[in-house]
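Just so we're clear, the structure is a prediction, and the values are computed from it rather than from any experiment. Computed from heavy atoms alone, side chains included, the values below leave out hydrogens, waters and symmetry copies. The residues of the chain are indexed from 1 along the displayed sequence.
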Amino acid sequence: MQPLAYFAVRSLLGWLQFVERGERAFMSSALLLVATGAAHCWAVVYALFIAIHTRAMRYDGYHEGYTEHLPFWVSWTETLAVAAMGIWWAAGFTTAAIRIIDDDAGGLPMEGRDVDVNFLVKFMRSPKLHDGLALAHTLSCVGLFLSILLLCIAMALMKGQVTACELCLCFVSVGFALPHAVVACRKLRFQGPKKEDNPEVPAAAAEAAAQEAAALGPQLCVILALADSPGHAYMWQNFAYLVSAVSFVAAVAACGRSPPKVGDAALPPELGEFVTCLTLDAVASIALVICFPHLNTWHLWALFALLLAMFVAVWFEGWRDLFVDLLDPLFVVRSDTDKALPGKQRQHLRRGSWVATMFCAAVAMWDIMLHPVQEGLFEVPDDLAAEDGLPDLWDQNTMLLLRWRDGVSAPGERELLDGVAEALEVEADGVASQAFLPEHRMLLFKIAGKEDASRMPAHQRWKAAMIAPRGKLGQVADTNFPSTLNVTLCLHAHATVELGKHKAEEAKAAKAKAEAEAEGGDVASVSASAADGGADGGASSALPEPELPAEFMQIVGPAPGAKDAYLHACDWWTTTLDAYYWHGDGESTEDHDLEKMAEEMMHENHHDGEHVPMLEEVAEEAGHSEEGDDLA
């Protein structure tokens, strides 16, 4: 909903500027560019996150572990972006509150009380406070600029095939961010009013380029990020995306080389620019709703109705004056037209950029609307919620883990479930136990019944709750243990254990055969007895503990007993899986389905030709694996 609100505010302010274009225009200053640039940068960061997660999900499918394919810095880049936006919101609301409360600060004193003011008014008018707010805006812009660069690097280094849309998105993102970074760094470096006029710093060029980039850059980034959602693109589509990206960056560079106006002149945008901006706002919003159907709620329609009412209100002068008075410090009397600077080449490039981006938006919208989005690309498939037995084995909400700390008094199963219900903000009967393993200090549980689709999925809420547990679980929960059972990891562990057993049995049979040959005995009978002994798992020759995959220890952690606890949870999962496919007498009723499932899991892990022998072993053993293999 946040990006939709961003586009709604953009379109409303653009409409107000268009209606008042003969009298007023938004002022132009470095501080305003930095303050609004942070909001624009956030939209670009949002688009990059869409592209990165789309690549990861397209590469490995939607499952709990798909984020393992993301570079390690993506998670704290998200934290950096959220922190930067938090600073921006705090500084923005503080600045707005000061302007509302102390609306006479910019006027001349008329009475004695205008000079002899109280402490609060002095504080609000303090230059240090305003410098601090300006610094906060600048830091938020710099933080978001760094987020853009880090996300572009992450996209370049991720596994999987790079698409034309991703290349264009990175190109447009960098072309958008660089002018804003120059303006922001200049504000950090030059604080005094005299130092800001330093001729060594191309102030007018950077600000003109930043203004041009902010006009179309954020909407174009979101459109390019969503253009990949259908999962394919024709050659001519990729060419259209490339032309729009190149023309956009060329127009930004042209404005930096030849600014379109003098200094801080307040001039309204041209008609072509206004139409292009409004069209891109609408296309980006519609594309978001189509690709993310969960946004299509009554909140969206209420926002849309409110936006239409404001559009109509702006058309009438009486209501429009309210908006003008509210934006008076920023929405000033426009400058004369002679402040506009000539530049034939620059104007041709700008007009070409408008046409190219409009065509790009039309192509992307055509592809998104006429070609279905890849099923399950952006959200969990609906069939995971069906209660037919098998989906529960793959639904993350039915494989939640809780391990209590060593040294605390052993809690009961009901006590743990009550604490879980409190943490997830559900009723006590809303959670149910799957397996209670007190010897491993672990509870495996699930969400009982159907979850509210409007809420965040339970496994995500549980993961967030385990970061800093409160309430009944605050002094009990082990926060270093995984919060959910990773099915892919269990399959890898299962394949490793089975492969280790198979190799140990072969080694034992070969050794027995060699000894029989040396003694001149019956080789066939000795080999058969050795194989039977390995299959029975005799105590006289314990099998060596197999080496688990490296990612297993990364996810589970090195805590004492954590590996055994997680393996017992995996053992529960494989036992439940076998119980679904096998009868009690050990005869398979669905050999073909089980082998097909193993082959599908193996295919999912053959990423771009990568060979995964462990899952091949699972496929080979699918027809004769025994029920209840003990992974621990």
### Query
Ignoring hydrogens and geometry, is there a side-chain-to-backbone donor-acceptor pair from Arg346 to Ser258 under 3.5 Å?
yes

### Query
Any side-chain heavy atom of Thr77 within less than 4.5 Å of one from Val45?
no

#### Entry: Pairs where residues 327-349 contributes a residue and the test ring pair (Phe, Tyr, Trp, His ring centres under 6.0 Å) is met, not counting sequence neighbours
Phe26-Phe331

### Polar side-chain atom of Arg334 near backbone of Pro268 as donor-acceptor pair, under 3.5 Å
no

### Query
So, the side chain of Arg10 versus the backbone of Phe7: is there a donor-acceptor pair under 3.5 Å, distance only?
no

### Leu144 side chain near His40 side chain, heavy-atom distance below 4.5 Å
no

### Task
Quick one: pull up CG in Leu267 and OG1 in Thr337 and give me the separation to the nearest 0.5 Å.
8.0 Å

### Task
Would you mind reporting whether Glu23 and Val333 have side-chain heavy atoms less than 4.5 Å apart?
no

### Query
Quick one: does Ser353's side chain have a donor or acceptor within less than 3.5 Å of a partner on Leu349's backbone?
no

### Message
Please evaluate residues Leu220 and Cys168 with respect to the criterion side chain to side chain contact (heavy atoms under 4.5 Å, CB included), reporting the C-alpha separation (whole Å), side-chain torsions for both, the decisive distance (0.1 Å), and the verdict.
### Response
CA-CA 10 Å; Leu220 185 59; Cys168 295; over 6 Å; no

### Message
Do Phe323 and Glu20 have side chains that approach each other closer than 4.5 Å (heavy atoms only, starting at C-beta)?
### Response
no

### Task
Answer whether the closest heavy-atom distance between the side chains of Leu4 and Ser285 falls below 4.5 Å.
yes

### Query
Should we count CH2 of Trp236 as having more than 12 external heavy atoms under 6.0 Å?
yes

### Task
Examine the side chains of Ser28 and Glu207 and answer whether a donor and an acceptor come within less than 3.5 Å of each other.
no

### Task
Answer yes or no: is there a side-chain heavy-atom contact under 4.5 Å between Leu48 and Cys152?
yes

In residues 305-313, what donor-acceptor pairs under 3.5 Å come from side-chain atoms, sequence neighbours left out?
none

### Query
Within a strict 4.5 Å, meaning less than it, do heavy atoms of the Phe248 and Phe171 side chains meet?
no

### Message
Could you tell me if the side chain of Thr279 sits less than 4.5 Å from the side chain of Val283, heavy atoms only?
### Response
yes

#### Entry: Side chain Ser335, main chain Ala266, donor-acceptor under 3.5 Å
yes

Can you give me every donor-acceptor pair (side chain of residues 79-91, partner residue at least two apart or in another chain, under 3.5 Å) with its distance?
from, atom 1, to, atom 2, distance (Å)
Thr79, OG1, Ser75, O, 3.3
Trp88, NE1, Ala35, O, 2.4

